[in-house]
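Presented below is the structure to which this report refers.
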Amino acid sequence: MKITDHIKNAKGKTLFSFEIIPPQKGTSIQKLYDNIDPLMEYKPPFIDVTTSREEHIYIKKEGGLLEQKITRMRPGTVGICASLMHKYKTDPVPHVLCGGFTKEETEYVLVDCHYLGIDNVMALRGDAMKDEAYFNPQKEGNKYASDLVGQISNLNKGNYLHEIIETTYNSNFCIGVAGYPEKHMESPSMESDLRKLKEKVDAGADYVVTQMFFDNQKYFNFINAAKEIGINVPIIPGVKPIAIRRHLNILPQVFNLNLPDVLVNEIEKCKDNKEIRQVGIEWAITQSKELQKAGVPVIHYYSMGKSDNIKAIASKVF
Ligand code: FAD
C-alpha cells in the first residue's frame, strides 16, 4: 500500500516507522531480523531500507603496491525489501539513489521493485563518495533528486528511457523525497533549499521525510515555510536518539544540524555511553510526544542498525 494511503487510513493517528541499513556484505541477514523483530509489535506500516554509495577500497599487491577498486559494501537493498514483505507483511521502502547509478541501471532497479509489488520508493541524490569533496553524478545518471523523481514519474506513466514500449502495465510508485528542517549542507539558503524541495514535489514526489533534528521548533518552522511556498504533501519528521559521545560532533558535521544546548549539557555530564544512550532515549521520547500531540502523520526513526533504544522510545510513545 502507498505511504500516503497508510496516512489517510490512520485518520489522524500518528504512525510508527523506521529506517534500516543493509548489513555489510558477508554478514548474515539474521542480524538485521534480530533488530527488526522487537520493533514489530509497534506495527510499522512501512520500513525504509537505505542504499549506500559505492566506495574506493585498496587491495595490497606484491611489492607494496595498492590496487584501487570501487565496490558497494552494503548491497542488497531490493533483496532485503523483498524479504521484509515476505517475513513481516509490511511495506518496504527502498531508497533509490542518483549517485553511482546510470539512468538505465535505475530503471532496472525500478522494474525489479515493480515486479516485486513494492509500492513506494524514496528518491535521493546520495552524498559525495567518502573520499570526494563534492557529489559527482554518474555519467548518464541523474544529477539531482528532482531528476530522479522525474524519471520515476515518467515510468509511472509507462514512459521507459528508450521510449519504444507501449504498455498499460505501468508502475504506480508513491515517491518520497528528503527535506531539511535546518537546510541541506550545500544549499546557499533555507529559502533556496525549500524552492528545490518544491521542485521535487512538482516533479511528482508524494511525501517528504525530514533529516533528523533535535529541536522540534525547527520542524514546525519548516512545515510552515513549506506550506507557504505551496508544498502540500505530508512531511514526516525523522527522529534519531543520540547514543554515543561522538554523536555530539559527528551529527552536526555530517548532517548540518544544531544540537540544543540543554541536550549538549546533559550529554556532557554523562559518565559513559550507557548514560548517554539513556539521555538520548529520554530526549527522543519528549520530542516524539510533542510531535504526536501536534498531529504529525508518522514519526520515522533512524535506527542505525540497533533497535534497543528505538524500542524503549516506541514503548513510551505508541
Ligand atoms: P537533492 O534534493 O538533489 O538536493 C541536493 C542539493 O542540491 C541541495 O543543496 C539542494 O538545495 C540542491 N539542489 C537541488 N536541486 C537543484 C538544482 N536543480 N540546481 C541547483 N541545486 C539544486 N543518502 C544515501 O546515500 N543513501 C540513503 O539511503 C539515504 N537516505 C536518506 C533518507 C533521508 C530521509 C534523508 C533526509 C537523507 C538520506 N540520504 C541518503 C542522504 C542524502 O542522499 C543527502 O542528504 C544528499 O546530500 C542530498 O540528497 P537529496 O535527495 O536531498 O538531494
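- Ring geometry, F16 versus Y301: the interplanar angle falls from 30° to 60°, so the pair is classed tilted.
- Residues M129 and R53 come closest through the heavy atom pair CG-NH2, 3.5 Å.
- Between the CG atom in D119 and the CG atom in N172 there is a gap of 8.0 Å [rounded to 0.5 Å].
- I80 and Y115 end up in the same hydrophobic cluster when Ile, Leu, Val, Met, Phe, Trp and Tyr side chains are linked at under 4.5 Å.
- Under the 4.5 Å side-chain criterion, counting only non-hydrogen atoms from C-beta, E105 is not in contact with V109.
- Within the 3.5 Å criterion, the main-chain N or O of P23 finds no donor-acceptor partner in the side chain of T27.
- No donor-acceptor pair under 3.5 Å is formed between the side chain of S146 and the backbone N or O of E199.
- Residues I20 and I36 form a side-chain contact, since some pair of their non-hydrogen atoms from C-beta on lies under 4.5 Å apart.
- One hydrophobic cluster, built from ILVMFWY side chains closer than 4.5 Å, cannot hold both L161 and Y144; they sit in different ones.
- Classification of E290 and K293 as a salt-bridged pair fails, no side-chain N sitting under 4.0 Å from a carboxylate O.
- If you chain together hydrophobic residues whose side chains sit under 4.5 Å apart, M185 and F135 never meet in one group.
- Atom-to-atom distance recorded for E104:CD and E140:CD is 9.5 Å, nearest 0.5 angstrom.
- The nearest pair of heavy atoms linking N258 to K218 is CB-NZ, 4.1 Å.
- In this structure, H247 NE2 and L263 CG are separated by 12.0 Å, a value rounded to the nearest 0.5 Å.
- Cluster membership for I236 and M1, using ILVMFWY side-chain heavy atoms within less than 4.5 angstrom, is not shared.
- Within 6.0 Å of NZ on K89 lie more than 12 heavy atoms contributed by other residues, nucleotides or ligands.
- To the nearest 0.5 Å, atoms OG1 (T106) and CG (L97) are separated by 8.5 Å.
- For the atom pair CG of L110 and CG of L148, the computed distance is 7.5 Å after rounding to the nearest 0.5 Å.
- Within a 6.0 Å radius of OH in Y134, other residues, nucleotides and ligands contribute 12 heavy atoms or fewer.
- The nearest pair of heavy atoms linking Q151 to K103 is NE2-O, 2.9 Å.
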Subject >> Worked verdict on Y302 versus E19 for side chain to side chain contact (heavy atoms under 4.5 Å, CB included) >> reply: CA-CA 5 Å; Y302 293 105; E19 171 182 296; 3.2 Å; yes
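- V254 and I244 are members of different hydrophobic clusters when ILVMFWY side chains are connected at heavy-atom separations under 4.5 Å.
- A side-chain donor-acceptor contact under 3.5 Å links S17 and H300.
- The nearest pair of heavy atoms linking D272 to E275 is OD1-N, 3.0 Å.
- The aromatic rings of H184 and Y180 sit perpendicular to each other, their planes meeting at more than 60°, with 30° as the lower class boundary.
- In this structure, T14 contributes its side chain and V298 its backbone to no donor-acceptor pair below 3.5 Å.
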Original post:
What do the steps show when you test K311 against E41 for salt bridge (Lys or Arg N to Asp or Glu O under 4.0 Å), and what is the final call?
Top reply: CA-CA 9 Å; K311 182 175 168 67; E41 70 173 282; 2.7 Å; yes
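- Side-chain contact of Q217 with N221: a donor-acceptor pair under 3.5 Å is present, judged by distance alone.
- Although no hydrogens or angles enter the test, the distance criterion places no donor-acceptor pair under 3.5 Å between the side chain of S307 and the main chain of I310.
- Inter-residue side-chain proximity for M122 and T51 is flagged as unmet; no heavy-atom pair is nearer than 4.5 Å.
- For the pair N120 (side chain) and I3 (backbone), a donor-acceptor distance under 3.5 Å is present.
- Using a distance-only test at 3.5 Å, with no hydrogens or angles considered, a donor-acceptor pair links the side chain of T286 to the main chain of E282.
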Could you tabulate the donor-acceptor pairs under 3.5 Å formed by side-chain atoms of residues 202-212, not counting sequence neighbours?
{"unit_1": "D202", "atom_1": "OD1", "unit_2": "K198", "atom_2": "NZ", "d": "3.4"}
{"unit_1": "D202", "atom_1": "OD2", "unit_2": "K198", "atom_2": "NZ", "d": "3.0"}
{"unit_1": "D206", "atom_1": "OD2", "unit_2": "I175", "atom_2": "N", "d": "2.7"}
{"unit_1": "T210", "atom_1": "OG1", "unit_2": "G238", "atom_2": "N", "d": "2.9"}

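- The 12-atom threshold is not exceeded at CD of Q253, counting heavy atoms of other residues, nucleotides or ligands nearer than 6.0 Å.
- Closest heavy-atom contact between H6 and P45: ND1-CB, 3.4 Å.
- Counting non-hydrogen atoms of neighbouring residues, nucleotides and ligands closer than 6.0 angstrom, the NE2 atom of H162 exceeds 12 such neighbours.
- Contact of the C98 side chain with the P137 side chain is not registered, since no non-hydrogen atoms from C-beta on lie closer than 4.5 Å.
- For the pair I47 and P92, the minimum side-chain heavy-atom distance is 4.5 Å or more.
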Original post:
Would E191 and R195 count as a side chain to side chain contact (heavy atoms under 4.5 Å, CB included) if you check the C-alpha gap in whole Å, the side-chain angles of each, and the deciding distance to 0.1 Å?
Top reply: CA-CA 6 Å; E191 291 71 22; R195 284 195 298 275; 3.9 Å; yes
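- Side chains of M85 and I118 form a contact here, defined as non-hydrogen atoms less than 4.5 Å apart.
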Original post:
Can you list the steps and then say if F213 with Y219 is a ring-ring contact (aromatic ring centres under 6.0 Å, His included)?
Top reply: CA-CA 7 Å; F213 55 88; Y219 168 79; 5.4 Å; yes
**OP:** Could you check D5 against K8 for salt bridge (Lys or Arg N to Asp or Glu O under 4.0 Å), going step by step and ending with a plain yes or no?
**Re:** CA-CA 5 Å; D5 289 332; K8 268 182 219 141; 3.6 Å; yes
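- A salt bridge does not link D147 with R125: every distance from a Lys NZ or Arg NE/NH1/NH2 to an Asp or Glu carboxylate oxygen is 4.0 Å or more.
- Residues I229 and L194 come closest through the heavy atom pair CD1-O, 3.4 Å.
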Original post:
Going through the distances and angles, do Y88 and S83 end up as a side chain to side chain contact (heavy atoms under 4.5 Å, CB included)?
Top reply: CA-CA 8 Å; Y88 298 108; S83 81; over 6 Å; no
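- From H56, atom NE2 reaches atom CD1 of I70 across 3.5 Å, with rounding to the nearest 0.5 Å.
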**OP:** Could you give me the CA-CA distance, side-chain angles and deciding distance for D34 and Q30, then say whether side-chain hydrogen bond (donor to acceptor under 3.5 Å, both in side chains) is met?
**Re:** CA-CA 6 Å; D34 291 345; Q30 188 56 46; 2.8 Å; yes
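- The shortest side-chain heavy-atom distance between K61 and L66 does not fall under the 4.5 Å cut-off.
- Relative to the ring axis of Y33, K87 places its NZ or CZ within 45° and under 6.0 Å from the centre.
- Using a distance-only test at 3.5 Å, with no hydrogens or angles considered, no donor-acceptor pair links the side chain of T77 to the main chain of V49.
- Considering only residues two or more places apart in sequence or on other chains, T71 meets the side-chain hydrogen bond (donor to acceptor under 3.5 Å, both in side chains) condition with K25.
- Between F222 and F220, the distance from one ring center to the other does not fall under 6.0 angstrom.
- Side chain of W283 to main chain of F214: a donor-acceptor pair is present (N/O by atom type, distance under 3.5 Å, no hydrogens or angles).
- Within the 4.5 Å cutoff, the side chain of P22 has heavy atoms near those of the T50 side chain.
- At distances below 3.5 Å, at least one donor-acceptor pair connects side-chain atoms of T167 with backbone N or O atoms of Y169.
- Judged by distance alone, the side chain of N170 and the main-chain N or O of L155 form no donor-acceptor pair under 3.5 Å.
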